[in-house]
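Working notes for the structure below.
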Amino acid sequence: MINIVLFGKPGAGKGTQAEFLKEKYNLTHLSTGDIFRFNIKNDTDLGKLAKTYMDKGDLVPDEVTIQMLQSEVDKNPQSAGFLFDGFPRTLAQADALDQFLASKGQSITATVALEADDNILVARLLERGKTSGRPDDQDEEKIRNRYDEYNQKTAQLMDYYKAQGKFHAVDGIGTIAEVTERLTAVFDTF
Ligand SMILES: Nc1ncnc2c1ncn2[C@@H]1O[C@H](COP(=O)(O)OP(=O)(O)O)[C@@H](O)[C@H]1O
């Protein structure tokens, strides 16, 4: 069983690449952003709560996010491995994930970061906002706030995984196919 964390700033292409990677490596793809958006669409209590944070570009509180992620993992007991996308985003989440996996005799195999320059990413998100309907993609201030959240809370996770020898970086600039090829070269070593 392999468990991979896909890292990257907003707009780095995690979702796009995850669609391909989950098929090729037979992984269950869990995107916390997608799960929150699904809950918002269906107007669940979780969705109503998450929306108040997401619309501003703030992170949803750890307690809520961790519990949700664990319940999604538990819904897939037959899984051959997980591709975590958008989780963990804080040290508390990373700790919780390690403990949760350990309780199942599992661990994180590796983390892979898709790297890209902020200015390119902001432009990509504003473009996506024109068609995605995502309120957090339509306003540069909200986008910048997501980068602040990333820099303050998520960036430090790279050191957390580097210290464990589980960190890999991939250049996220290029065509979708070029980036897929780079990712595949790294995933094939796991
Ligand atoms: N692990 C998480 N912890 C807290 N909030 C999260 C987490 N994952 C997603 N979210 C919320 O969902 C929003 C959208 O996430 P996502 O779809 O991954 O978008 P992106 O990476 O493009 O910003 C985040 O800005 C945040 O509000």
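One-based numbering, in listed order, for ligands and for the atoms of each.
With respect to the salt-bridge test (charged N to carboxylate O, under 4.0 angstrom), the residues Asp74 and Lys104 qualify.
Below 30°, between 30° and 60°, or above 60°: for Phe84 and Phe82 the angle between ring planes is below 30°, a parallel geometry.
Between the side chains of Asn76 and Thr28, no donor-acceptor pair is found at a separation under 3.5 Å.
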Item to complete: Begin with the C-alpha distance, continue with both residues' side-chain angles, and end with the deciding distance and a verdict on side-chain contact (heavy atoms from CB on, under 4.5 Å) for Lys9 and Asn151.
Response: CA-CA 9 Å; Lys9 292 180 179 175; Asn151 290 327; 4.1 Å; yes
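Relative to the six-membered ring of Tyr161, Lys166 misses at least one condition, a distance below 6.0 Å or an angle of at most 45° to the axis.
Checked against the 6.0 Å centroid threshold, Tyr147 and Tyr150 do not count as a close aromatic pair.
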N or O contacts of ligand 1 with protein under 3.5 Å, please list pair by pair.
from, atom 1, to, atom 2, distance (Å)
ligand 1, 1 (N), Gly86, O, 2.9
ligand 1, 1 (N), Gln93, OE1, 2.9
ligand 1, 3 (N), Gln93, NE2, 2.9
ligand 1, 5 (N), Val60, N, 3.0
ligand 1, 8 (N), Thr32, OG1, 2.7
ligand 1, 8 (N), Gly86, O, 3.3
ligand 1, 8 (N), Arg89, NH1, 3.0
ligand 1, 17 (O), Arg37, NH1, 2.8
ligand 1, 17 (O), Arg37, NH2, 2.8
ligand 1, 18 (O), Arg89, NH1, 3.3
ligand 1, 18 (O), Arg89, NH2, 3.3
ligand 1, 19 (O), Arg134, NH2, 3.2
ligand 1, 21 (O), Lys14, NZ, 3.2
ligand 1, 21 (O), Arg89, NH2, 2.9
ligand 1, 22 (O), Arg128, NH2, 3.1
ligand 1, 22 (O), Arg146, NH2, 3.2
ligand 1, 23 (O), Arg146, NE, 3.1
ligand 1, 23 (O), Arg146, NH2, 2.9
ligand 1, 27 (O), Asp58, O, 2.6

